[in-house]
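Chain naming here is simple, since letters A, B, ... match the order of the sequence lines and numbering starts at 1 in each. All figures in this text were calculated on a predicted structure; none of them were measured in a lab.
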Number of protein chains: 2
Amino acid sequence: MADTRERFIDAATRAFAERGFYGTSIANIAESLPFTKQALLHHFGSKEKLYAEVLTRISERLMRDLAAAGTETSDASERFENVFVNILRASLENSDDTRLLMRELLDNKRRAESARTWYLAAFLDTLTDLARDALGDGAPARSLALVYQLLGAINYFVVSRPTLAQMLGAKTFDELSTAYEHELRSLITSRLGVADEP
Amino acid sequence: MADTRERFIDAATRAFAERGFYGTSIANIAESLPFTKQALLHHFGSKEKLYAEVLTRISERLMRDLAAAGTETSDASERFENVFVNILRASLENSDDTRLLMRELLDNKRRAESARTWYLAAFLDTLTDLARDALGDGAPARSLALVYQLLGAINYFVVSRPTLAQMLGAKTFDELSTAYEHELRSLITSRLGVADEP
DNA sequence: TACGCTACTTACCATTCGGTAAGTACAGGG
DNA sequence: CCCTGTACTTACCGAATGGTAAGTAGCGTA
């Protein structure tokens, strides 16, 4: 059944996000559902192929989210800011995906071919165009750098949340969580508000 | 010999950074040196203990670097900016360490007790104090959020470099690399240059 | 010369891993 | 009623893993 496949992909996403590709065994994934690992192999053929399906589903969602955002306003700066706030919210909401993609980023140099970066390339292209409109200057590397810095600010935070929660204590952690989006907006608007020196 | 220990820790740092804790076998580490895995076990007792020594050595370097920076100037904003540029340079220079710490961040929720966050706590404390001085406002959560965003901007970039190099091609990648520090400075100075609304 | 210590090695082991082989149960169609 | 395909299961396998046991070689000391 297609439903069983989906359940496997769900469980695999959680497991891979939590323990990484090598820290996760297919038996482990299957045991979190009422199936054996052979059922998993029946549907996906191999661990690698299951992982590929997990990645595909995540990048499809990313592109869908990105396409949905960025059409709310005509002001370039405002649009830029809103797009990144949307990315922050989506990344927080799908933190398993975010963690898994961070692991993939760390691993994919080794995981050979890794033409798997296509989703990132499309992502960056779109965002860099938005950045150029918002910055209004000509150097494409600057736009790309800014985009990457903001993605880093977002993803690193999402990935750190469990550690931060434990380290900071509930009160400070809650304050940080609520401050984060506001502070991200400040960072973006202030950056967009100043002229660049060459 | 102490030298053999150091060589094991060096090799382990590279291996753990590249493949992660679970993707690395102690036999693999030993094979990259003219020793057997039993020599490794003789010196460190277990894989976990070796990993702990690797982490300890990294966090000691981090604290040393941080203590060395931040004393160059008396102006709070300038000091803040310089500290983060120093962190960027050090993270790039020790990219294995950066990658390994990113993996640890992803793993340590699971790796139980993980009182291993102490180095991060001290790091954040120091940086947040600098941020408060530079921002000149009272909300500690804002300072912490800003610090974390800049750390994210730095670490995410360092970790992504192999992927970016492959994805962007040599020319664009070089442009991005040289633009990154400049753009980070722009991000910081512009953020410090505007007043906060509550 | 004997002793103990450090720095290793070879041999071995139980467990876990991803994957294959060979089935069982059942549904739908001719 | 049989045939075929799907969705699984139990049984099994070779390779790799972390770790233990039991050495061996060399050095410093009494």
Side-chain angles (χ1 to χ4, degrees), chain A residues 1-57 100 103-104 106-114 116, chain B residues 1-57 100 103-104 106-114 116:
Chain A
M1 235 190 294
D3 181 52
T4 302
R5 274 181 68 90
E6 286 300 308
R7 289 174 71 188
F8 269 125
I9 295 179
D10 285 346
T13 302
R14 259 174 277 125
F16 287 140
E18 195 70 17
R19 294 186 257 275
F21 184 80
Y22 293 104
T24 303
S25 74
I26 54 174
N28 221 302
I29 296 169
E31 277 160 21
S32 74
L33 301 173
F35 296 106
T36 64
K37 71 167 177 170
Q38 312 310 325
L40 189 158
L41 285 172
H42 167 72
H43 284 291
F44 300 96
S46 76
K47 186 185 183 180
E48 288 276 356
K49 285 178 188 164
L50 167 62
Y51 182 75
E53 291 221 30
V54 168
L55 271 191
T56 299
R57 207 180 65 171
L100 198 149
R103 289 186 186 276
E104 173 62 16
L106 287 160
D107 284 346
N108 81 344
K109 179 168 65 163
R110 180 185 34 79
R111 215 193 305 286
E113 15 71 276
S114 81
R116 190 42 69 178
Chain B
M1 234 190 296
D3 182 52
T4 303
R5 275 180 67 89
E6 285 300 308
R7 291 175 68 189
F8 269 125
I9 296 178
D10 283 346
T13 302
R14 258 174 278 124
F16 286 140
E18 196 68 18
R19 292 185 259 276
F21 183 80
Y22 293 104
T24 303
S25 73
I26 53 174
N28 221 302
I29 295 170
E31 278 159 21
S32 73
L33 301 174
F35 296 105
T36 63
K37 71 167 178 167
Q38 311 311 325
L40 189 157
L41 285 172
H42 166 71
H43 284 290
F44 299 95
S46 76
K47 185 185 184 183
E48 289 275 357
K49 286 178 188 165
L50 167 62
Y51 183 74
E53 292 220 33
V54 168
L55 271 191
T56 299
R57 206 180 66 171
L100 198 149
R103 288 187 188 275
E104 173 62 16
L106 286 160
D107 284 347
N108 81 345
K109 179 168 67 163
R110 181 184 34 76
R111 216 190 303 287
E113 17 66 280
S114 79
R116 189 43 66 181

Would you say a side-chain N or O of A:Thr4 is under 4.0 Å from OP1 or OP2 of D:dC8?
->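 Indeed, a polar side-chain atom of A:Thr4 lies that close.
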
Does [X] pair with [Y] as a salt bridge, N-O distance under 4.0 Å?
X       : Y       : answer
B:Glu31 : B:Lys37 : no
B:Arg5  : B:Asp10 : no
B:Arg57 : B:Glu6  : yes

Could you check how far [atom1] of [X] sits from [atom2] of [N], rounded to whole Å?
X       : N      : atom1 : atom2 : answer
A:Arg19 : C:dC17 : CZ    : P     : 10 Å
A:Phe44 : C:dG19 : CZ    : C1'   : 16 Å
A:Arg5  : D:dT6  : CZ    : P     : 13 Å
B:Tyr22 : D:dA16 : OH    : C1'   : 17 Å
A:Phe16 : C:dG18 : CZ    : C1'   : 12 Å
A:Leu41 : C:dT20 : CG    : P     : 8 Å
B:Leu40 : C:dT10 : CG    : P     : 15 Å
A:Lys49 : C:dG18 : NZ    : C1'   : 13 Å

Residue [X], side-chain heavy atoms: nucleotide from [options] that is nearest:
X       : options               : answer
A:Lys47 : D:dG19, C:dG19, D:dC8 : C:dG19
A:Ser25 : D:dA21, C:dG18, D:dT9 : C:dG18
B:His43 : C:dC8, C:dT9, C:dC17  : C:dC8

Map A:Gln38 and A:Asn28 onto DNA chain C by nearest heavy atom, then report which one ends up closer to the 5' terminus.
->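 Checking each residue's closest nucleotide, the 5'-ward one belongs to A:Asn28.
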
Let me know, please, whether A:His42 or A:Lys37 comes out on the 5' side of the other along DNA chain D by nearest nucleotide.
->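 Counting from the 5' end, the first nearest nucleotide belongs to A:His42.
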
Classify the angle between the aromatic ring planes of A:Phe8 and A:His43 as parallel (below 30°), tilted (30 to 60°) or perpendicular (above 60°).
-> tilted

Taking every non-hydrogen atom, the tightest pair across B:Ala17 and B:Leu100 |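 Of all heavy-atom pairs spanning B:Ala17 and B:Leu100, the closest is N-CD1, 3.9 Å.
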
